[in-house]
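For reference, the structure discussed in these notes is given below.
Chain letters run A, B, ... following the sequence lines, proteins first and then strands; every chain starts at 1. What you see below is based on every heavy atom in this structure, not just the backbone, and it leaves out hydrogens, waters and symmetry mates.
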Amino acid sequence: LVSTTTMIAEFGNYGKLEEAQNLFEALPEQNLVSETAMLAAYSQNGSLEQARNLFERSMQQWDHISLSAMLSAYAHNGCLEDAQGIFDRMEHLSLTACNAMLTAHAQNGNLERARQIFDEMGSKNLVSWNAILSAYAQCLYLDEARVVFDSMPEHDMISWNSILSATAQHGNMHDAEYLFVKLPYQTSLSWNTMITANAQVGHLLETTKMFDEMWERNVLSWTAVLTAHFHHGQSDEALLVFDSMKLDDVIPDEICFVLVLLACSHAGKVFLGRCYFQSMMADFGIQPSKQHYCCVLDMLARSGHLSEARDLIK
RNA sequence: AGACUCCGUUCAGGGC
């Protein structure tokens with residue numbers, strides 16, 4: 001039971017919800033801890049209804065950890081009121097619960113409420129600091145973000161990454177570059193943040209240069225190059241990049257396919273686009289999301305395949 | 001054994 005619970009949590013972290021669920025259902029007996037692990041797996045993969053079912057119907061008892069898990073499930077799915085409901089009913093407000101609630105308000109655009117929770121917290125850990133930092137960073141309140149950053153007792157990769165990407169997304173590539181070279185960690189994460197920033201502001205040359213210099217490339221790095229070509233209207237190059245990526249044994253994810261489908265759409269390559277769409281499902285086992293259908297729809301509509309586009313909507 | 005924080009993709013339309 002103990003090792004299976006660990007594996008359920010691991011599968012959840014890696015987005016393998018089905019595997020987690022299979023393990024969970026095959027358990028001869030379940031306890032609070034394994035149920036919480038499953039709850040978190042649902043939450044991390046956007047299955048709010050399943051999480052709610054498990055929490056309300058199957059579970060016989062709850063502790064502060066399972067409550068926190070459900071709280072963040074609500075928080076991540078935009079159910080602010082449900083999250084607040086759990087929060088208000090908790091007897092002991094654990095650090096984790098406060099952090100989750102803080103983030104929920106921040107993601108809902110209520111920075112003041114987030115700030116209030118932060119200020120009222122008796123003790124804070126690095127997660128709390130990072131949460132309020134990224135709340136400001138994501139709204140591109142750079143000044144506030146810098147103040148928080150400078151007040152923090154310590155920084156980890158997440159803190160650096162937040163401030164770096166906010167600076168870059170704000171368009172201050174010089175400042176971003178300055179931060180980047182000052183980083184105490186030169187990890188593939190920081191490289192990916194930087195290369196992505198370059199791609200977002202449309203610096204194709206910088207993007208490819210960084211890509212060539214990287215020692216460890218993953219899907220994010222490849223996605224940045226794809227994005228940069230896409231921004232420059234270079235659909236063919238984008239598709240070439242995508243094919244090279246597969247040759248390099250990097251597994252494309254759903255976002256790569258969004259870009260590929262859009263590239264096909266812009267280049268008017270309907271047939272090719274269909275092939276990629278099929279391949280996405282058949283070869284990579286990716287369930288098409290609404291977003292993917294929108295891309296296909298866009299492609300069909302732009303190229304004048306109106307009746308097929310209409311069928312797709314149905 | 002389980003919970004909390006960061007990062008990648010965007011189409012169309014409307015307003016200024």
With sugar-phosphate meaning primed atoms plus P, OP1 and OP2, does A:Thr223 contact a base, only sugar-phosphate, or nothing at under 4.0 Å between heavy atoms? base
Hey, is the side chain of A:Gln169 poking within less than 4.0 Å of OP1 or OP2 on B:C6, counting only N and O atoms? no
Using a heavy-atom cut-off of 4.0 Å across all strands, would you classify A:Leu259 as base, sugar-phosphate, or nothing? sugar-phosphate
Using a 4.0 Å heavy-atom cut-off across all strands, classify A:Asn198 as base, sugar-phosphate, or nothing. nothing
Spell out yes or no: do the side chain of A:Asn218 and the base of B:G8 have one donor N/O and one acceptor N/O closer than 3.5 Å? no
Looking only at side-chain atoms of A:His76, point me to the closest of B:U10, B:C4, B:A1. B:C4
Categorize A:Ala40 for me: base, sugar-phosphate, or nothing, with a 4.0 angstrom heavy-atom threshold over every strand shown. sugar-phosphate
Measuring from the side chain of A:Gln291 (C-beta onward, heavy atoms only), which nucleotide among B:G2, B:U5, B:U9 has the closest atom? B:U9
Assess whether one donor atom and one acceptor atom, taken from the side chain of A:Thr36 and the base of B:G2, lie less than 3.5 Å apart. yes
Residue A:Leu32, side-chain atoms from C-beta onward, closest of B:C6, B:G2, B:U5: B:G2
Donor/acceptor link under 3.5 angstrom from A:Asp298 side chain onto base of B:C11: no
May I ask you to verify if any side-chain N or O of A:His231 is less than 4.0 angstrom from the OP1 or OP2 atom of B:U10? yes
